[in-house]
Amino acid sequence: GAVVSQHPSWVICKSGTSVKIECRSLDFQATTMFWYRQFPKQSLMLMATSNEGSKATYEQGVEKDKFLINHASLTLSTLTVTSAHPEDSSFYICSALRGGGRLDTQYFGPGTRLTVL
Amino acid sequence: AQSVTQLDSHVSVSEGTPVLLRCNYSSSYSPSLFWYVQHPNKGLQLLLKYTSAATLVKGINGFEAEFKKSETSFHLTKPSAHMSDAAEYFCVVSLYNTDKLIFGTGTRLQVFP
């Protein structure tokens, strides 16, 4: 099956520092990956669409300068939370689109829990 | 605009009894609908998807869902709950003509022995 990994699984950082989260598709290539944010006991909110070799597309209300996304290869997308603050604490989940055609399945990573002190 | 509404935030059943997780959708177009399950410390897993083919969709682990246009519903069912089914379930609709997914608020399923 299609496997997507995230690293790290959890991270604690000090306010004002930057944190990078990696999302990898382990057994397939993904031209498109997505980044979501999930607050405790709430649903997933799409933050941005990451396309290999081009700039990410951010959803309305998401600060592109705070959440930097780089999709450098067909198997790796990274999310960097810059100058993190306690309100950035959340569960960040990525997904990778397998197939490339519309309505192909998104495979999700296990998530990264970020805590900003 | 498209959206999904999960009618129950929490459902409790006994092991071996049927499961019903309710989801209504809103869409101006023929929607593509999904059910995903989220177990603790594991990635979201696709249970099943509806893409305008058969209205009764069979998924993994004995789950199925029926697309009812007249009721704008896409309820998830399973004849007999297992302890391992305890998890968070999300009804999801894809934004028209894109790969973007819009998630419902989730239903936590508890299964008692």
Side-chain angles (χ1 to χ4, degrees), chain A residues 1-10 21-27 30-52 56-60 62 71 91-113, chain B residues 1-11 21 23-25 27 29-53 57 59-61 67 87-110:
Chain A
V3 179
V4 176
S5 70
Q6 281 184 242
H7 178 80
S9 55
W10 59 270
I21 302 170
E22 294 185 346
C23 176
R24 293 181 185 273
S25 55
L26 298 184
D27 52 358
T31 55
T32 303
M33 292 183 174
F34 301 89
W35 287 95
Y36 296 84
R37 185 171 179 177
Q38 185 179 28
F39 291 100
K41 299 185 179 181
Q42 293 189 29
S43 188
L44 280 74
M45 299 295 295
L46 179 64
M47 299 174 64
T49 303
S50 170
N51 295 296
E52 189 267 337
T57 305
Y58 291 81
E59 296 300 302
Q60 191 173 11
V62 177
H71 196 152
F91 196 52
Y92 293 89
I93 301 173
C94 73
S95 72
L97 190 64
R98 183 177 190 181
R102 195 172 70 85
L103 301 179
D104 283 314
T105 302
Q106 287 189 32
Y107 292 90
F108 287 80
T112 297
R113 184 158 307 280
Chain B
Q2 286 142 299
S3 66
V4 287
T5 301
Q6 292 186 244
L7 301 173
D8 307 292
S9 60
H10 187 260
V11 170
L21 305 183
C23 174
N24 285 353
Y25 70 89
S27 178
Y29 308 94
S30 180
S32 295
L33 295 160
F34 310 77
W35 275 98
Y36 278 86
V37 60
Q38 185 179 35
H39 286 96
N41 302 318
K42 291 188 177 180
L44 284 136
Q45 182 181 25
L46 178 68
L47 285 176
L48 49 82
K49 63 180 177 181
Y50 166 77
T51 55
S52 73
V57 183
I60 61 171
N61 300 335
F67 175 77
E88 188 85 20
Y89 290 80
F90 292 96
C91 181
V92 182
V93 64
S94 67
L95 197 61
Y96 178 71
N97 211 30
T98 75
D99 293 305
K100 295 182 180 180
L101 299 181
I102 300 169
F103 281 74
T105 50
T107 298
R108 178 160 296 278
L109 175 65
Q110 273 192 311

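Quick note: numbers below take in every heavy atom, side chains included, and nothing from hydrogens, waters or symmetry partners. Just so it is clear: chains get the letters A, B, ... in the order the sequence lines come, proteins before strands, and each one is counted from 1.
Of the listed residues (A/Gln42, A/Arg113, A/Gln38, A/Met45), the greatest number of heavy-atom pairs within a distance under 4.5 Å of chain B belongs to A/Gln38.
Heavy atoms from other residues, nucleotides or ligands lying under 6.0 Å from NE2 of A/His7 number 12 at most.
Side chains of A/Phe34 and B/Leu101 form no contact here, defined as non-hydrogen atoms less than 4.5 Å apart. The shortest distance between side-chain heavy atoms of B/Tyr36 and A/Gln106 falls below 4.5 Å.
Contact annotation for A/Ile93: only side-chain heavy atoms (C-beta onward) come within less than 4.5 Å of a heavy atom of chain B. For B/Leu44, the parts sitting under 4.5 Å from any heavy atom of chain A are the backbone and the side chain alike. For chain A, no part of B/Gln45 is nearby; none of its heavy atoms comes within less than 4.5 Å.
Taking both residues in full, the closest heavy atoms of A/Leu44 and B/Phe90 are given as CD1-CZ, 4.1 Å, listed atom of the first, atom of the second, then distance.
Residues passing the side chain to side chain donor-acceptor pair (under 3.5 Å) test with A/Thr112 are A/Gln6, sequence neighbours excluded. Partners of B/Lys100 under the side chain to side chain donor-acceptor pair (under 3.5 Å) rule, at least two apart in sequence or in another chain, are A/Glu59.
Between the side chain of B/Thr105 and the main chain of A/Ser43, no donor-acceptor pair closer than 3.5 Å is present.
In this structure, A/Ser95 OG and B/Leu46 CG are separated by 11.5 Å, a value rounded to the nearest 0.5 Å.
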